[in-house]
Colleague: 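Let me give you the structure first, and then I'll get to my questions.
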Amino acid sequence: MQTILIDVLKIPVDDPIAFTFFTGYMAMAAAAVFFLFERGGVADKWKTSLLISGMITGIAAVHYYYMRNYYMETHTSPVALRYIDWTLTVPLMVVEFYLLVRAAGAKIGLLWKLVLAAVFMLVCGYIGEAFTDGSKSHSMIWGTLSTLGYLYILYSAWMGEIAQLAAKSESTAVQKGVRSLAWFILVGWAIYPIGYMAMPGGWLGADGLGLLRPHDLDLIYNLGDAVNKIGFGLVVYGIARSESAAKKVVPQGAGVLA
């Protein structure tokens, strides 16, 4: 415990990356507790969705704890730890889409397609980032391949199977929820390619347009994780609460004067 406190005290006030690693860890942990405790206040069909939201932020909190320590010790990007985190949490995020439209007739095949697209996106991104030789060609090839997986998920959420199932559903809350999550995919997930292009050989890095520095990568990723993982969960929580409240059955005799 003493060692942990000493490490916290070492966080420099002028290092936004260290700051966001620590705040990201605390925010993810708090969100995980919130989602798991709130499972008891929603209808049974939404409990799995909130469980997954709690798992996403809980897994991220653990990894952020170790990434913070790694960064404080080495002042280098914890690439392997970050991709281990994403390999677990990003597929869980696309599972949320499946759970939202499952009642509208979504088949298990949709789930597998989304998960495979997410894994393909991450594997290509990891090869591009972890094994970079600093060349633009390496960054471009693997970044482009990674983007293909992203575009499939984006298409499915906005115009493809997910969007079509949501439109057929009789739940306004589900339709709004799918659209909100689709915006997270379009805008929130776009943060990650920007971070990717900050690395050596990236289009926005020192070897390209020179708009970003290599250490900006972690700052961008940290902000993106907080927005997307916690935001995803809050959207699902909002749907679960509104749907559960709308379908509450008034007890027999309630409101009748004695």
Colleague: Would Val94 and Ile153 count as a side chain to side chain contact (heavy atoms under 4.5 Å, CB included) here? Give the steps.
Modeller: CA-CA 8 Å; Val94 299; Ile153 299 172; 4.1 Å; yes
Colleague: Does the side chain of Phe35 come within less than 4.5 Å of Leu234's, by heavy atoms?
Modeller: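 They are in side-chain contact.
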Colleague: Check the pair Asp85, Lys229 against side chain to side chain contact (heavy atoms under 4.5 Å, CB included), reporting the backbone distance first and the verdict last.
Modeller: CA-CA 12 Å; Asp85 171 36; Lys229 291 174 180 174; 2.7 Å; yes
Colleague: Determine whether the aromatic ring centres of residues Phe34 and Tyr237 are separated by less than 6.0 angstrom.
Modeller: yes
Colleague: Specify the closest pair of heavy atoms between Val90 and Trp189, including all atoms of both residues, with the distance to one decimal.
Modeller: CG1-CH2, 3.9 Å
Colleague: Taking C-beta and beyond as the side chain, do Leu145 and Ile127 meet within less than 4.5 Å on heavy atoms?
Modeller: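 No, too far: nothing below the 4.5 Å cut-off.
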Colleague: Quick one: does Cys124's side chain get under 4.5 Å of Thr144's, heavy atoms only?
Modeller: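 The answer is no, as the side chains (C-beta and beyond) never meet within the 4.5 Å cut-off.
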Colleague: Under a 4.5 Å cut-off applied to non-hydrogen side-chain atoms, are Ile108 and Leu111 in contact?
Modeller: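 In contact.
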Colleague: I need the Ser53 OG to Trp46 CH2 distance, nearest 0.5 Å.
Modeller: 10.5 Å
Colleague: Answer with yes or no whether the hydrophobic clustering places Val33 together with Ile59; edges join I, L, V, M, F, W, Y residues whose side-chain heavy atoms lie under 4.5 Å apart.
Modeller: no
Colleague: Apply side-chain hydrogen bond (donor to acceptor under 3.5 Å, both in side chains) to Asn222 and Tyr64, showing your working.
Modeller: CA-CA 9 Å; Asn222 291 351; Tyr64 263 75; 3.3 Å; yes
Colleague: Using a cut-off of 6.0 Å, state whether more than 12 heavy atoms not belonging to Lys47 lie near its atom NZ.
Modeller: yes
Colleague: Decide whether Met26 and Phe37 are clustered together by the hydrophobic rule: side chain heavy atoms of Ile, Leu, Val, Met, Phe, Trp, Tyr closer than 4.5 Å, transitively.
Modeller: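 Each belongs to a different hydrophobic cluster.
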Colleague: Give the minimum heavy-atom separation between Val79 and Ala130, together with the two atoms involved.
Modeller: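 Answer, listing the atom of Val79 first, then Ala130: CG1-CB, 3.9 Å.
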Colleague: State whether the side chain of Ser146 and the backbone N or O of Trp142 hold a donor-acceptor pair below 3.5 Å, judged by distance alone.
Modeller: no
Colleague: Nearest 0.5 Å, what's the CG-CD1 distance between Leu100 and Ile239?
Modeller: 4.5 Å
Colleague: Would you say that Glu129 contacts Leu217 through its side chain, given a criterion of any heavy-atom pair below 4.5 Å between the two side chains?
Modeller: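 Yes, their side chains come closer than 4.5 Å.
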Colleague: Specify the closest pair of heavy atoms between Ile84 and His63, including all atoms of both residues, with the distance to one decimal.
Modeller: CG2-NE2, 3.3 Å
Colleague: Enter the distance from Leu92:CG to Phe232:CZ here, rounded to the nearest 0.5 Å.
Modeller: 11.5 Å
Colleague: List the atom of Leu110, the atom of Ala106, and the distance in Å for their closest heavy-atom pair.
Modeller: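 So the minimum-distance heavy-atom pair works out to CD2-CB, 4.0 Å.
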Colleague: Taking a hydrophobic cluster as the set of Ile, Leu, Val, Met, Phe, Trp and Tyr residues connected by side-chain heavy atoms closer than 4.5 Å, whether directly or through intermediates, do Leu116 and Phe97 fall within one such cluster?
Modeller: no
Colleague: Before giving the answer on side chain to side chain contact (heavy atoms under 4.5 Å, CB included), spell out for Leu51 and Leu36 the whole-Å C-alpha distance, their side-chain angles and the decisive distance to 0.1 Å.
Modeller: CA-CA 6 Å; Leu51 173 63; Leu36 294 176; 3.8 Å; yes
Colleague: Please report the C-alpha distance between Phe22 and Ile17 in whole Å, then the side-chain angles of each, then the deciding distance to 0.1 Å, and finally whether the side chain to side chain contact (heavy atoms under 4.5 Å, CB included) criterion is met.
Modeller: CA-CA 9 Å; Phe22 185 76; Ile17 298 174; over 6 Å; no
Colleague: If we ignore hydrogens and angles and just use 3.5 Å, is the side chain of Arg68 paired with the main-chain N or O of Thr23 as donor and acceptor?
Modeller: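 Checked: no pair found.
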Colleague: Is it the case that the side chain of Trp158 and the backbone of Ala182 share a donor-acceptor pair, with hydrogens and angles ignored and the cut-off at 3.5 Å?
Modeller: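 Yes, the answer is positive, given that a donor and an acceptor are paired below the 3.5 Å cut-off.
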Colleague: Measuring only between side-chain heavy atoms, which start at C-beta, is Glu161 closer than 4.5 Å to Lys113?
Modeller: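 Touching, per the 4.5 Å side-chain cut-off.
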Colleague: Show the nearest heavy-atom pair for residues Ile230 and Ala31, with the distance to one decimal.
Modeller: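 Closest approach of Ile230 to Ala31, heavy atoms only: CG1-CB, 4.0 Å.
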Colleague: Side-chain contact test, heavy atoms from C-beta onward, threshold under 4.5 Å: evaluate it for Ile185 versus Tyr155 and give yes or no.
Modeller: no
Colleague: Could you give the distance from OG1 (Thr89) to CG (Asp225), rounded to the nearest 0.5 Å?
Modeller: 7.0 Å
Colleague: If you look at every heavy atom in Ala117 and Tyr152, which pair is closest and at what distance?
Modeller: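 Answer, listing the atom of Ala117 first, then Tyr152: CB-CD2, 3.6 Å.
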Colleague: Is the backbone of Gly233 close enough, under 3.5 Å, to the side chain of Glu96 for a donor and an acceptor to pair up by distance?
Modeller: no
Colleague: Hey, what do you get for CG (Leu165) to CZ (Arg102), rounding to the nearest 0.5 Å?
Modeller: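 Spacing of CG (Leu165) from CZ (Arg102) equals 13.0 Å.
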Colleague: Could you check Trp86, Tyr83, Tyr150 and say which one makes a ring pair (Phe, Tyr, Trp, His ring centres under 6.0 Å) with Tyr192?
Modeller: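 With Tyr192 as partner, ring pair (Phe, Tyr, Trp, His ring centres under 6.0 Å) holds for just one option, Trp86.
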Colleague: Should Val119 and Thr87 count as side-chain neighbours, where that means a heavy-atom distance under 4.5 Å?
Modeller: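 No, every pair of side-chain atoms sits at 4.5 Å or beyond.
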Colleague: Could you give the distance from OH (Tyr65) to CG (Leu81), rounded to the nearest 0.5 Å?
Modeller: 12.5 Å
Colleague: Is there a continuous path of hydrophobic side-chain contacts, each under 4.5 Å between heavy atoms, that joins Val115 to Leu151?
Modeller: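 Per the 4.5 Å side-chain linkage, Val115 and Leu151 are co-clustered.
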